[in-house]
Structure formats: C-alpha cells, structure tokens
Amino acid sequence: MAEESWFQREFLTPRRLAFNILFYGLHLFFFGYGWYSQYSNARLVGLNTLKWSVWTSRGAGLVLAFDGGLILIPMLRNIIRFVRPKLSWLFPADENIWFHRQVAYSMAFWAMVHTTAHYVNFINVERTQIRKVTAQDIHYKQAGGITGHFMLLIMLIMYTTAHHKIRRQCFEAFWYTHHLAFFFMIALYTHATGCFVRDSVEPDYILAFPFYSTDHCLGYFSWRFIIWPGILYFCERVWREVRARKATRLSKVLIHPSGAMELRMIKPSFKYVPGQWLFIQVPDVSRYQWHPFTITSAPDDPYVSVHIRQVGDWTQALGERLGAGPSVVTALTSAAMKGSEKGNSIGRGDFVEIDPTLENRELPVVRIDGPYGAPAEEFSSCEVAVLIGAGIGVTPFASILKHIWYRQRKGGIGSLKRVEFFWVCRDTPSFGWFQTLLQEVEAAQADPNFLRINIYLTQKIGEDMLWNIAINDAGADYDPLTLLRSRTTFGRPDWKSIFGKMREAIDNGSYLPGSKSQLKTTVGTYFCGPGVLAKAIKKATEEATTSTIQFTFAKVRY
C-alpha cells in the first residue's frame, strides 16, 4: 500500500474532509457575502468607485472578524472538558491545538488579502481624492489604520515565536509573546472605529463605544458577535485563576533513574478521572508560566502526581530549584545503568526522595489548574483497550493502570474485558519509575488474560548485559530486566502484525469470551509518543478494521 501523503491525511480522510468543507465553505461564504454587501449597497456608491479593491477588503475583513471569534473557542478548555465526550464526533475537541492552528493559518492568509486590498484602497483614495486625505494619513493617523498595523505587528511576533523550532528551543519566548493576543483582540474589537466604510466624506464620531455613529458609518458591526468568545475566554481565565489559588501543597519530590522527577501534591479540591492532565505553575521558577503535564496518579491515591523530564529551560530550572538538577539525574541514571549490568536492583523501581532539610531550603509553592479532558479517559467504554506509550509517553497510562488496579481490588471495571499495554523503551533505566506499578498491577490479576504487558526495548545491548540476561533468564519465572512475568521483547514492534493477530483472535472467538454473539467489537487504541510512530500505529488500526471489529485510534498528549 502506498504511503499516505500529507495532503491525503489532512484533507481527504472522511472526518478531515467533512471539517474542511464546513470550515473553508464558511470562509468563502463570508467572503462572498462581504463582497456582495459592499458592491450592492447604494449608500456606498462613492466608495465603490474604488471597485475590486474595496470589495475584496470588505469580504476579507468579514472573514477575519469570523476567525477572530473562532480562534478563541478551542482555548475554552473548561467548556471543552464537559462537551468533548458528547460532541467529539461533531468537531475536533481532542485536537483543539490543531484547530487553533488552522484558524491561525486562515487569519494569516486573509490578513494578507485584507491588508493588500486596503493598501490599494488608500492609494486610490489619495489618487482620486474622493476624500481629502492622503494614504499616509489613513495609515498612521486614523484609528482603522493604526489598529490594523498594530495587529499586523502582533501577528508577526506571535507567528514567528510560535514556530515549532523556536517554541522548543525557547518556550518562554512563545509563552510571553502569545499573551500579546489580549492586545490583538482589543485592537480587533476597535478596528472599525476608523469608520473607513461610510457614506460621507468625513467620519461621524460619537463619545460612546464603539465611537462611531451608525447613521453614516456602515460597517458590519461584527464586533458585536465576535466579542462573545472573548468574554467567555476572559471569564474562563478568571475562573481558572480562582480555582488555581485553592490550597495546594507539594508533599514529595522523587527522582527516578529514568531521569523523571515525580512531584506529589495535595489538593483536596482537585477531582479528576484517569487519563486527564493539568497545568502547573511554580512561582519560584516563573510567576506567569503554566505548563501542561499528564496526571500519573489515580483518583484513589491520596495525592496528585506528575512525572516531569528535564528537557527545557523551565523544567531544568525547576529541577535546580528542587535540588534535583541535571547533574543529580545524570549520576542516578549512570548508577542505574551500572546496577542493571551487574544484576543489582537499582534501576528497577528504585528512586531517590529529595530531602529539602539537607540543603536547608523548603519545597517551593506550587499551583495546579485543571483537570482537563483527554481521549484516554474513555478507555473503559471499549471492550478492548490498547494502551501504547513510547518512552516518557507512558505517563498518561500510569493513572489508567493504577485505576484498573484499584478497581480490580474493588471488583469491577465496567464494560472493559481486555487491556493490552505496550511500552516501547530506548534503555533499561527508563523502566525504573514505572516498574513497581507494573509489578503491582500484574500481581493483582485474577484473570491472567485480562491485562497483557508488552515491553519492547529498542536499545542495542552490550555483550556483558546480554550475557547477564541469558544467565538470569534461564528457568526464571520473571524477566531479569523488569522483574515482570511478561518477557521483554528486543527490537521494534510490528504494529501491522500485532493488530492483525488481534483481529484474527477476536474473529475466531479465542480473544474475548462470547465475542461471536456481539454485533460489533470496539478496540480503542490510545497512543502517546512521537508523531512518526503515531502514523504507523494509526495506519495499522485502519488496516485491521473490519465490518465486525472496529479499531479506533486516538493520540494522547504527554
């Protein structure tokens, strides 16, 4: 089968195709409506002497107003949290960042169209003298020109720092410049105060907002509609700030051999379900930055935990503040590697708890905001759940596996009949922080077929370690690397073969008891990790789907 192209993936898959028809269809409709409304308005016959440039600027301006309201909707995280389980089939609720980008791309295009058309308008106004004003005066002395250029400047800054390379290398630049959106929206709401579209030579101003009279200024008054998403977003930010300020205490900081910092926090008012995520702020590191992390604890745990890798400026600064900087992690990881090679226990679930009294400093104040929804929280609604994590991408499933463990002890897991857990790891120390949990979950299985743990090690193993594994594995009941009953597989998984065999087993009735009597079996696949691997897994699920077995796929954020 030929490799799926970017164009096919983004525009021709059924769900994306439906979205694109609706999304771009609405944009073309508003452009056409704006063009025709300007062209056909008898009161604007004077302005229409500018012809196509003014018709284009009006159409593109109406599209930009529409996008100005639309771009805030995917940022309404609390609203999305409640509507996503019911309306995810209608709009990409689980792809809110992707949707936000699509609107941003659209705004960039239509801003160029709108601005270019207006530059032609202003030159023609000066040339024909339909109004006694120069193009330079319209640009830099009238409210419409001033706010327009101000928005262009903000867009240039925001779009540049939002590029994925800059965002990864200096997240702070992206974070702070993106908050210029507040001033952008203010300029957008007041852009029409220049009253360029009017049936008189001079603008007709008033003292009250929006500072122009509707007797002669004949704009679309689109700010009256697009301001509502802005109001909703402002209210949500206020609510998030109030909620985040509720009492929170950082109780423990654990350092695992994998290099992950585990933060355990106590917040009685915080309620969540497995698979969700939250935002964290540490004022000692940054007073304004909030960073998202997946919740790794289960609702039954007496604390809320997240696992953090030190891969950026903010996370490294947090590690230094906690006394667990990169040097500490490197030393622990090195010890874990040596311990694994010698067959010692270090690196197999061991961790170091940071004792703040040793360095005579207290644990910092933390604030958490959330929780927010994610596809993985719906795992229990399927007959079969396939959970796949790559490296640190295993974090979303820590909460789910813990939750399964607690539910098994209480005697019920809903409609879930089978769980397949895959963890693709690069090196052995990465097993450290997760190995203890896997042991507990594996030991709790009354039915050994309910949960299958599949661990793949992709690291090239040295001869010494290979020899130790061969010696320790001979006749042992447990895997020498992970101490699990499930054996570690070396190399990369063949996803097409894995899902193909699962489909065959479901078809012949050997995988699920009573599956032959079901009209349709749903296998929910949830993946967290690199995009390249996500494409391969998604393709495998699509190829495995039949009329009686549906393999769904959802990518989970870290």
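What you see is a predicted model; the values in this text were computed from it and never measured.
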Residues passing the salt bridge (Lys or Arg N to Asp or Glu O under 4.0 Å) test with Asp494, sequence neighbours excluded, are none
Applying salt bridge (Lys or Arg N to Asp or Glu O under 4.0 Å), can you list everything that pairs with Arg237, at least two apart in sequence or on another chain?
none
According to salt bridge (Lys or Arg N to Asp or Glu O under 4.0 Å), who are the partners of Glu236, at least two apart in sequence or on a separate chain?
none
Taking only residues two or more places apart in sequence, or in another chain, which ones meet Asp284 in a side chain to side chain donor-acceptor pair (under 3.5 Å)?
Arg321
Suppose we screen for side chain to side chain donor-acceptor pair (under 3.5 Å). Which residues come up paired with Ser305, at least two apart in sequence or across chains?
Thr296
Under the ring pair (Phe, Tyr, Trp, His ring centres under 6.0 Å) test, residues paired with His403 that sit two or more places apart:
none
Taken in chain and number order and not counting sequence neighbours, the residues that satisfy side chain to side chain contact (heavy atoms under 4.5 Å, CB included) with Ala540 are Trp495, Phe499
Going by side chain to side chain donor-acceptor pair (under 3.5 Å), name the residues that satisfy it together with Arg287, two or more places apart in sequence or in a different chain.
none
By salt bridge (Lys or Arg N to Asp or Glu O under 4.0 Å) - contacts of Arg243 (at least two apart):
Asp369
For Tyr105, the side chain to side chain contact (heavy atoms under 4.5 Å, CB included) test, sequence neighbours excluded, returns Arg101, Gln102
With sequence neighbours excluded, residues passing side chain to side chain contact (heavy atoms under 4.5 Å, CB included) with His100
Ile71, Pro74, Met75, His178
Pairing residues for Arg503 by the side chain to side chain donor-acceptor pair (under 3.5 Å) criterion, not counting sequence neighbours
none
Would you confirm whether Thr545, through its side chain, and Phe551, through its main-chain N or O, come within 3.5 Å as a donor-acceptor pair?
yes
Without swapping roles, check the side chain of Tyr176 against the backbone of Gln289 for a donor-acceptor pair under 3.5 Å.
no
